[in-house]
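Computed over heavy atoms, backbone and side chain alike; hydrogens, waters and symmetry mates excluded.
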Amino acid sequence: MADINGRRVLELVKKTGNSVCADCNCQVTEYASYNIGVFLCTQCAGIHRALGTHISKIKHLRLDKWEESQVKHLEEVGNIVAKRKYEERVPVCYRRPSENDPQILREQWIRAKYQREEFIHAEKQRYTRGTMEGFLFKRSKVDDSCKQRRFVLSERENTLKYYVSNKKEPKAEIRILDMNVAFAPEKLKPPTSLQITYINQGSTRHIYVYHDDAEVIVEWYMAIRSAKLNLLQVAHPTQPEMELAQSLTQDFLKEGFLCKTGPKPSDGFKRRWFTLDGRKLMYHDQKLDPYPKGEIFIGHLSDGYSIHTGQPVGWKLKDVGFIFHVKTPSRSFVFSAERSDDRNEWIAALQMVISRPMSPQDSFLRGILVKKRGGGSVVSFFSNR
């Protein structure tokens, strides 16, 4: 009977919906939660085990023995039916994680679904209320120290503010519509850390925050997304909601050290930390700098933007690594990577950006950068090198 049940389980995996992980859509399923009735990848199965057997009971599809009642429940439920129940009320603002997303997102998605049942009981979704207040640890601009600061999010005011000690006036006031937020565990060490990037007087500012509780930091992340979506719907009433949701927050497409030269071959190369944040290519002295030294707007290929391997025509640089350059309407920017595979990754990421149609939000960003520079419809850069 055990062998028969095992074969039945393997046949169930072939059914529509069961061949991908119920939680992250990974294409390889090795486990199942037999009391919930879903098929899972290895990493999501590990998170299910951490929930406890009172919530999710896990078995390997091939290595464990299966009982008749367990197989029968999997037959009755399966991924598609389970999603109808546990994902019935997922708000548009909520970021559904994929297999390559930060681990903290996947963990809290699974806990929200099965432990807290947030998407069955919408009243539990505190991050959709338009306001949020609490303390986060914020990294200093000048050193590695982190101090608690009170943060206040207000959709009505279109602001995220933070306060020092008991002062009545905020230390900073950030427009939600000008903000991006991304998880930054590789930079700030705690897996519960965020990098908030926003426009401050025409230039970009980075702040780094974290909270000891993973649930809390993900709530902040989703609250910012929720407020931003509602504000975008007001600003762009004819744009589809799902389309707006694509621009709520975005992970950095690529980060790392590159060498960059100035507009002339004689300027020499300097090593900088680069961040590709949507259509902004920013560079810094170090990865945790609060401000970039410069920013390059990456427009659409139809507007004269292109990416090329090697040096611009007429340049004859020698022994400077793996070179590529970005051509904009105003000038070419020349970079050098230490490895050929790193250069290829940068070129692929930039190529994806220039091939993507410009959105209203992209045009707004370009307007800010142009205004900072002092005018001109094709100005794409401002910096002090």
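For an aromatic pair to be called close, the ring centres must be under 6.0 Å apart, and Tyr221 with Tyr127 fails this. Taking the centre of each ring, Phe119 and Trp109 come in below the 6.0 Å mark. Remark: aromatic rings of His48 and Tyr114 are close, center separation under 6.0 Å. Ring-centre distance between Phe151 and Tyr163: not below the 6.0 Å cut-off.
No side-chain N or O of His211 forms a donor-acceptor pair with one of Thr192 less than 3.5 Å apart. Side chains of Ser140 and Lys147: no donor on one and acceptor on the other come within 3.5 Å. Side chains of Ser306 and His308: a donor-acceptor N/O pair is present below 3.5 angstrom, by distance only. Side-chain polar atoms of Ser340 and Asp342 form no donor-acceptor pair below 3.5 angstrom. The closest side-chain donor-acceptor pair between Ser98 and Asn100, if any, does not fall under 3.5 angstrom.
Screening Met179, Arg175, Glu173 for a side chain to side chain contact (heavy atoms under 4.5 Å, CB included) involving Leu160 leaves a single residue, Met179. Checked options Lys171, Arg149, Gln148; the residue passing with Lys138 is Arg149 (criterion: side chain to side chain contact (heavy atoms under 4.5 Å, CB included)). With respect to Asp23, the salt bridge (charged side-chain N to carboxylate O under 4.0 Å, His left out) criterion is satisfied by exactly one of Arg111, Lys83, Arg106, Lys113: Lys113. Residue Asn158 forms a side chain to side chain contact (heavy atoms under 4.5 Å, CB included) with just one option from Asn230, Asp178, Ile176, and that option is Ile176.
At distances below 3.5 Å, at least one donor-acceptor pair connects side-chain atoms of Thr328 with backbone N or O atoms of Ser330. A donor-acceptor contact shorter than 3.5 Å links the side chain of Asp289 to the backbone of Asp285.
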Side chain to side chain contact (heavy atoms under 4.5 Å, CB included) evaluation trace for Phe324 with Leu350: CA-CA 11 Å; Phe324 66 99; Leu350 289 162; 3.9 Å; yes
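The pair Lys187-Glu255 counts as a salt bridge, with a side-chain nitrogen and a carboxylate oxygen less than 4.0 angstrom apart. Ionic pairing of Arg62 and Glu30 is present here: one or more N-O contacts between side-chain nitrogen and carboxylate oxygen are shorter than 4.0 angstrom. The residues Lys124 and Glu117 are annotated as not salt-bridged, no charged nitrogen and carboxylate oxygen being separated by less than 4.0 angstrom.
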